[in-house]
Amino acid sequence: MGFLIVFLGFFIILILSFIATIYIYIRFAFAVKSDTEVPAWIYKIGQSFKSRSYITFDNVTDSTAFKEATLFIVRLIFINLLFIAVAYHNTHSLTFAAYKCIKAQFALVLVTTFIQKIIKLISITRAKLDNPVYSYASTNAVIASIFFTSFILMLCTSMAGVPVKPLNVQLDNTNVIIGETTAADLISSGFTFKDASPNDIVVNQRNDHFYYGKLVEITKDGKSYGNMFLTPESGDKDKLRNCIVTFYRIEADNEQISKIKIHNTKLGNLSYNDFKKRKMINIFSLNPLDYKEDTYDNSFNLKLGTDEYLIWKAYWITADFNDDKSPYRYSIGAHHIKWE
């Protein structure tokens with residue numbers, strides 16, 4: 001709950017900053033149209049946003065100042081469109097490209113600000129001596145508000161990310177949603193946990209980044225179906241039957257491997273060449289917005305949700321192979337900071 005409150009606080013600041021940016025620009029426009037000055041507090045914002053303390057800006061409001069502010073916004077829009085075009089060319093997904101653009105907004109504003117300074121420096125150098133060139137505090141106030149808004153947007157996207165569709169495992173036609181399915185759901189489907197009973201107390205020691213709660217072996221009709229971590233959904237401890245499945249692993253030599261699927265893909269049919277030649281998102285028929293694939297020697301890893309999010313769960317799938325390229329084991333898990 002505390003994580004959600006933190007995020008909501010930043011989100012409210014983001015909304016207020018966005019509204020303030022629009023308000024400053026509109027007040028700027030009306031001031032130019034009526035040939036008046038912008039309020040003193042707008043000048044103060046412009047004067048305070050500078051890289052060095054000795055830099056000063058001119059408290060002037062005129063059409064040139066407004067034109068500079070407008071051109072900054074136009075350049076920022078153009079750079080955003082260019083970024084989306086490049087990202088779309090690389091990913092062939094407009095939604096993914098737009099998401100990446102939002103995440104990179106602060107960097108894009110920095111680039112636009114740098115371009116603005118270069119253009120201003122050139123205009124000052126080329127200006128005639130009898131034609132003064134101002135460094136407008138009013139223009140800088142608009143840039144400052146956009147800069148601050150993009151910074152808060154970066155923090156919000158880093159904390160929240162985007163919701164990822166939960167991954168699931170099929171154990172002998174029983175669907176297990178990682179991060180949601182409880183031990184009680186599995187028990188009702190005929191599964192049991194070796195050397196553990198439904199009323200056992202499971203304690204989350206919070207001593208690991210990926211594995212939470214208690215590691216148990218899941219069985220059905222006396223046959224092992226692998227191992228899983230059962231985790232109290234909230235708090236540090238709960239009865240085993242109330243805990244949720246946050247991790248599942250099965251060895252490739254398990255006799256039940258032919259009955260196991262990850263996201264409807266049979267693990268028994270997979271080989272090293274599948275992972276070497278194809279993306280994991282294609283192997284498991286996934287279409288996530290935010291993901292990353294890594295290969296380490298004979299290990300292949302897919303992560304859905306690449307940041308340490310406070311709101312949404314992140315998921316991962318790992319396929320490990322032996323030195324002779326034969327399958328060793330498959331793992332799937334959910335990650336959330338609330339369980340750490």
Side-chain angles (χ1 to χ4, degrees), residues 8-86 98 100-159:
L8 289 176
F10 277 102
F11 185 74
I12 291 172
I13 294 174
L14 174 63
I15 297 299
L16 293 176
S17 179
F18 182 72
I19 293 173
T21 300
I22 296 176
Y23 179 74
I24 290 172
Y25 185 77
I26 292 175
R27 284 296 301 265
F28 196 178
F30 276 117
V32 171
K33 187 175 182 179
S34 58
D35 197 24
T36 58
E37 299 290 319
V38 296
W41 61 268
I42 293 182
Y43 283 139
K44 289 181 179 180
I45 292 175
Q47 293 287 359
S48 62
F49 183 65
K50 52 190 176 183
S51 57
R52 293 177 176 83
S53 59
Y54 59 81
I55 297 176
T56 58
F57 294 91
D58 301 299
N59 293 340
V60 176
T61 301
D62 58 23
S63 59
T64 303
F66 185 71
K67 180 181 178 181
E68 286 187 7
T70 303
L71 286 176
F72 178 88
I73 296 173
V74 171
R75 291 189 194 100
L76 179 59
I77 293 173
F78 174 78
I79 290 174
N80 272 268
L81 292 176
L82 181 62
F83 184 94
I84 290 175
V86 173
K100 285 296 183 183
C101 182
I102 292 174
K103 287 192 69 174
Q105 200 58 220
F106 182 63
L108 298 182
V109 170
L110 285 176
V111 170
T112 309
T113 303
F114 180 71
I115 294 173
Q116 179 89 358
K117 290 182 180 298
I118 291 177
I119 294 175
K120 187 67 177 180
L121 181 62
I122 293 173
S123 64
I124 292 175
T125 304
R126 298 176 61 182
K128 297 178 180 180
L129 295 176
D130 58 346
N131 186 20
V133 177
Y134 297 110
S135 294
Y136 296 102
S138 49
T139 301
N140 207 44
V142 175
I143 297 174
S145 59
I146 293 174
F147 181 91
F148 181 76
T149 302
S150 67
F151 178 72
I152 299 300
L153 177 62
M154 179 187 68
L155 292 179
C156 287
T157 54
S158 297
M159 287 188 292

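What you see below is based on every heavy atom in this structure, not just the backbone, and it leaves out hydrogens, waters and symmetry mates.
The CD1 atom of I118 sits 11.5 Å away from atom OG1 of T113, with the distance rounded to the nearest 0.5 Å. One finds the CD1 atom of I143 at 13.0 Å from the CD1 atom of I45 (value rounded to the nearest 0.5 Å). Within the model, atoms CG of L71 and OG1 of T64 stand 10.5 Å from one another, a figure rounded to the nearest 0.5 Å. Atom-to-atom distance recorded for L81:CG and L76:CG is 9.5 Å, nearest 0.5 angstrom. Separation of atoms OG1 (T112) and CZ (F78) is listed at 10.5 Å; rounding is to 0.5 Å. In this structure, CZ on F28 lies 10.0 Å from CD on E37, to the nearest 0.5 angstrom.
Counting only heavy atoms from C-beta outward, the side chains of T70 and Y25 approach each other to under 4.5 Å. Proximity of I115 to I79: side-chain heavy atoms (C-beta onward) are separated by under 4.5 Å at one or more points. Q105 has its side chain within reach of L108: a pair of non-hydrogen atoms, C-beta onward, lies under 4.5 Å apart. Side-chain contact between Y136 and N140 is absent, with no heavy atoms from C-beta onward closer than 4.5 Å.
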For residues 144-153, dump all side-chain donor-acceptor pairs below 3.5 Å to protein atoms at least two apart in sequence or in another chain.
| residue | atom | partner | partner atom | Å |
| --- | --- | --- | --- | --- |
| S145 | OG | A141 | O | 3.3 |
| S145 | OG | V142 | O | 2.7 |
| T149 | OG1 | S17 | O | 3.4 |
| T149 | OG1 | S17 | OG | 2.5 |
| T149 | OG1 | T21 | OG1 | 3.2 |
| T149 | OG1 | S145 | O | 2.7 |
| S150 | OG | I146 | O | 3.3 |
| S150 | OG | F147 | O | 2.7 |

- side-chain contact (heavy atoms from CB on, under 4.5 Å) between V38 and F30, intermediate numbers included: CA-CA 9 Å; V38 296; F30 276 117; over 6 Å; no

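S135 places no side-chain N or O within donor-acceptor distance of the main-chain N or O of F57, the cut-off being under 3.5 Å.
Each of K117, R75, K120 was scored for a salt bridge (Lys or Arg N to Asp or Glu O under 4.0 Å) with E68, with one residue passing: K120. Among the candidates D58, T61, N59, the single residue satisfying the side chain to side chain donor-acceptor pair (under 3.5 Å) test with Y43 is T61.
Considering all non-hydrogen atoms of both residues, F66 and V32 come closest at CB-CG2, 3.7 Å. In terms of heavy atoms, F83 sits closest to A104 at CZ-CB, 3.9 Å. The two residues A65 and D62 have their closest heavy-atom pair at N-OD1, 2.8 Å. Among all heavy-atom pairs drawn from L155 and F10, the shortest one is CD1-CE2, 3.6 Å. A pairwise comparison of heavy atoms in A137 and Q47 identifies CB-NE2, 3.9 Å as the closest pair.
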